[in-house]
Amino acid sequence: MAHRVKSYLIEAKNATLRPYYLVRTVWPIWWRLNGKSRAMYEGDTTQHSLGAEEKRIASELKQNGIAISHLDILLGPEWLPKLQAYANNLRMKAVPSAKKTFLLALFNRLPEIDLANPFFQLALNEKILATINGYLEMYAKFFITSLNVTLPVGNEAPPKDSQRWHRDPEDKKMTKIFLYLNDVDDLTGPFTYIKDSHYGGRWRSIFRQRPPHGYYPPDGAIEKIIPRSEVVTCTGRAGTIVFCDTSGLHRGGYAKEKERLMFTAGYFSEASPRPILLKLSPKLEEEARRLTPSQRFALGK
């Protein structure tokens, strides 16, 4: 009885919010709400001087909704060892995720941004931001991050939560990066994406987002519609980094036999009505003065 009452209250709240979210995702309104961030991006010449790898990633994001690179190629070979070492030091403090029983969380639910942390250095790296901004064609806001161990669940456990196909709810057009800190194969819960299911893509109209939520299609429904050739399974060695518009259909974390250690950072537009799930450290006020315009915008400074 209590569960039914709770479900009813949640749905009643969603019904109240839905018109507001729907209006903000109508293209002309969404475009206008992002006018400031578009103008700032267009006026920042440094954002348009992408290297060959960043250009490739931004181009593939626009075409397919997903692009895969490696940290060594994008930022240099010094990055992966320091990120792995930092993560290993946090592993002793890992706690079970409050929502997903197959995850151990190495960051707090509302992590505090500290630029001494190499993962935040990565999330706010100018090459990363310029690539994402190039896809969105505007300055993006950094709104969420996590560092999780995905625990193996065996071969018989049914997929649940984000292990199932779904669309994220945060924005009409957005980007997340997924960095593998260990080797990931088919038994390690690779991130998987339906190519061309992002905004403007061939498969955008099926199982659409339902603001203020994304959407979880019924089990088996995707396989009846989408050809296998459209499914991108992102296996790769440690340091593999996936750029993806997660308003498109995706799933991941169904690790059967081996753990996956993965860092995630999410970016959406200024028009998104969703909350930013990060805290700013007190010393960031002083540090923000030394950041670039796109970095300050990403932090809401």
Contact summary for Thr188 and Asp183, nearest pair of heavy atoms: CG2-O, 3.9 Å
Side chain of Asn125, backbone of Gln121: donor and acceptor closer than 3.5 Å? no
Report the residues that fulfil side-chain hydrogen bond (donor to acceptor under 3.5 Å, both in side chains) with Arg237, sequence neighbours left out, ordered by chain and then residue number. His70
Please, which pairs that meet ring-ring contact (aromatic ring centres under 6.0 Å, His included) have at least one residue in residues 152-173, sequence neighbours excluded? His166-Tyr216, His166-His250
Could Lys301 and Glu287 be called an ion pair, given the rule that one side-chain N must be under 4.0 Å from one carboxylate O? no
Would Ile128 and Ile241 satisfy side-chain contact (heavy atoms from CB on, under 4.5 Å), going step by step from the backbone distance to the final call? CA-CA 11 Å; Ile128 299 288; Ile241 184 167; 4.2 Å; yes
Single-linkage hydrophobic cluster, 4.5 Å side-chain cutoff, Val242 and Leu181 together: no
Is there a side-chain contact between Arg167 and Ile206 in this structure, where contact means two heavy atoms from C-beta onward sitting under 4.5 Å apart? yes
Interatomic distance, NZ@Lys55 vs OG1@Thr131, rounded to 0.5 Å, equals 11.5 Å
Quick one: does any side-chain atom of Asp196 pair with a main-chain N or O of Gly201 as donor and acceptor, under 3.5 Å? no
Using side-chain heavy atoms (C-beta onward) and a distance below 4.5 Å, is Leu115 in contact with Leu291? yes
Do Leu104 and Leu261 sit in one hydrophobic cluster, given that two such residues count as connected whenever their side-chain heavy atoms are within less than 4.5 Å of each other, even indirectly? yes
Check side-chain hydrogen bond (donor to acceptor under 3.5 Å, both in side chains) between Ser294 and all other residues, then give those that pass, not counting sequence neighbours. Gln47, Glu126, Thr292
Any side-chain heavy-atom pair from Thr101 and Val153 closer than 4.5 angstrom? no
Under the rule for side-chain hydrogen bond (donor to acceptor under 3.5 Å, both in side chains), what residues qualify as partners of Ser59, not counting sequence neighbours? none
Over all heavy atoms of both residues, which pair between Leu90 and Leu147 is shortest? Give the atoms and the distance, please. CD1-CD2, 4.0 Å
Just do the side-chain contact (heavy atoms from CB on, under 4.5 Å) check on Phe142 and Leu129 with the steps written out, would you? CA-CA 9 Å; Phe142 177 33; Leu129 285 179; 5.8 Å; no
Under the side chain to side chain contact (heavy atoms under 4.5 Å, CB included) test, which residues partner Ser281, sequence neighbours left out? Glu112, Lys283, Leu284
Do any pairs count as a ring-ring contact (aromatic ring centres under 6.0 Å, His included) and have a residue in residues 269-301, sequence neighbours left out, and if so which ones? Tyr139-Phe297
Do Tyr21 and Gln209 have side-chain heavy atoms sitting under 4.5 Å apart? no
Nearest 0.5 Å please: distance from the CG atom of Leu280 over to the CG atom of Asp114. 11.0 Å
State whether the side chain of Arg18 and the backbone N or O of Pro211 hold a donor-acceptor pair below 3.5 Å, judged by distance alone. yes
Any chain of hydrophobic side-chain contacts (each under 4.5 Å) joining Ile73 to Phe243? no
Could you tell me whether the side chain of Thr264 reaches within less than 4.5 Å of the side chain of Asn148, counting heavy atoms only? no
Run Phe207 and Ile222 through side-chain contact (heavy atoms from CB on, under 4.5 Å) and show every step you take. CA-CA 9 Å; Phe207 307 118; Ile222 291 291; 3.7 Å; yes
Donor-acceptor pair, Ser272 side chain versus Asp171 backbone, under 3.5 Å? no
Rounded to the nearest 0.5 Å, the OH atom of Tyr41 sits from the OG1 atom of Thr46 at a distance of 9.5 Å
Separation between CD of Gln163 and OG1 of Thr192, rounded to the nearest 0.5 Å: 11.0 Å
For the pair Asn182 (side chain) and Glu259 (backbone), establish whether a donor and an acceptor sit closer than 3.5 Å, ignoring hydrogens and angles. yes
Answer yes when Asp185 and Lys258 have at least one side-chain N-carboxylate O distance shorter than 4.0 Å, and no when they do not. yes
hydrophobic_cluster_shared for Leu80 and Phe191, side chain cutoff 4.5 Å: no
Heavy-atom donor-acceptor pair, Tyr135 side chain to Cys244 backbone, under 3.5 Å: no
Compare every heavy atom of Glu270 with every heavy atom of Lys36, then report the nearest pair and how far apart it is. CB-OE1, 3.9 Å
So Arg274 and Pro169, do their side chains get closer than 4.5 Å, heavy atoms only? yes
How long is the span from the CG atom in Asp245 to the OH atom in Tyr199, to the nearest 0.5 Å? 11.5 Å
Can you find a heavy atom in the side chain of Leu179 that is under 4.5 Å from one in the side chain of Thr240? no
Heavy-atom pair of closest approach, residues Ala123 and Tyr267: O-OH, 2.6 Å
Would one find more than 12 heavy atoms of other residues, nucleotides or ligands at under 6.0 Å from atom NZ of Lys82? yes
Hydrogens and angles aside, do Ser162 and Lys100 bring a side-chain donor and acceptor to less than 3.5 Å of each other? yes
Is the backbone of Thr25 close enough, under 3.5 Å, to the side chain of Lys172 for a donor and an acceptor to pair up by distance? yes
Can you hop from Met174 to Ile57 via hydrophobic side chains spaced under 4.5 Å? yes
Is any side-chain heavy atom of Leu278 less than 4.5 Å from a side-chain heavy atom of Phe143? no
Heavy-atom closest pair (Val184 atom, Arg260 atom, distance to 0.1 Å) is CG2-CG, 3.7 Å
With no hydrogens and no angle check, is any side-chain donor or acceptor of Arg202 less than 3.5 Å from a backbone partner on Lys195? no
Name the one of Tyr180, Phe119, Phe178 that satisfies ring pair (Phe, Tyr, Trp, His ring centres under 6.0 Å) with Phe263? Phe119
CD/Glu42 to NE2/His48 distance, rounded to the nearest 0.5 angstrom? 7.0 Å
Would a distance-only check, ignoring hydrogens and angles, find a side-chain to backbone donor-acceptor pair under 3.5 Å from Gln295 to Leu124? yes
Backbone N or O of Leu249 within a donor-acceptor pair of the Ser197 side chain at under 3.5 Å? yes
Does the pair Arg56/Glu60 count as a salt bridge with the N-to-O cut at 4.0 Å? yes
Least distance between heavy atoms, Pro158 atom then Tyr254 atom: C-CE1, 4.5 Å
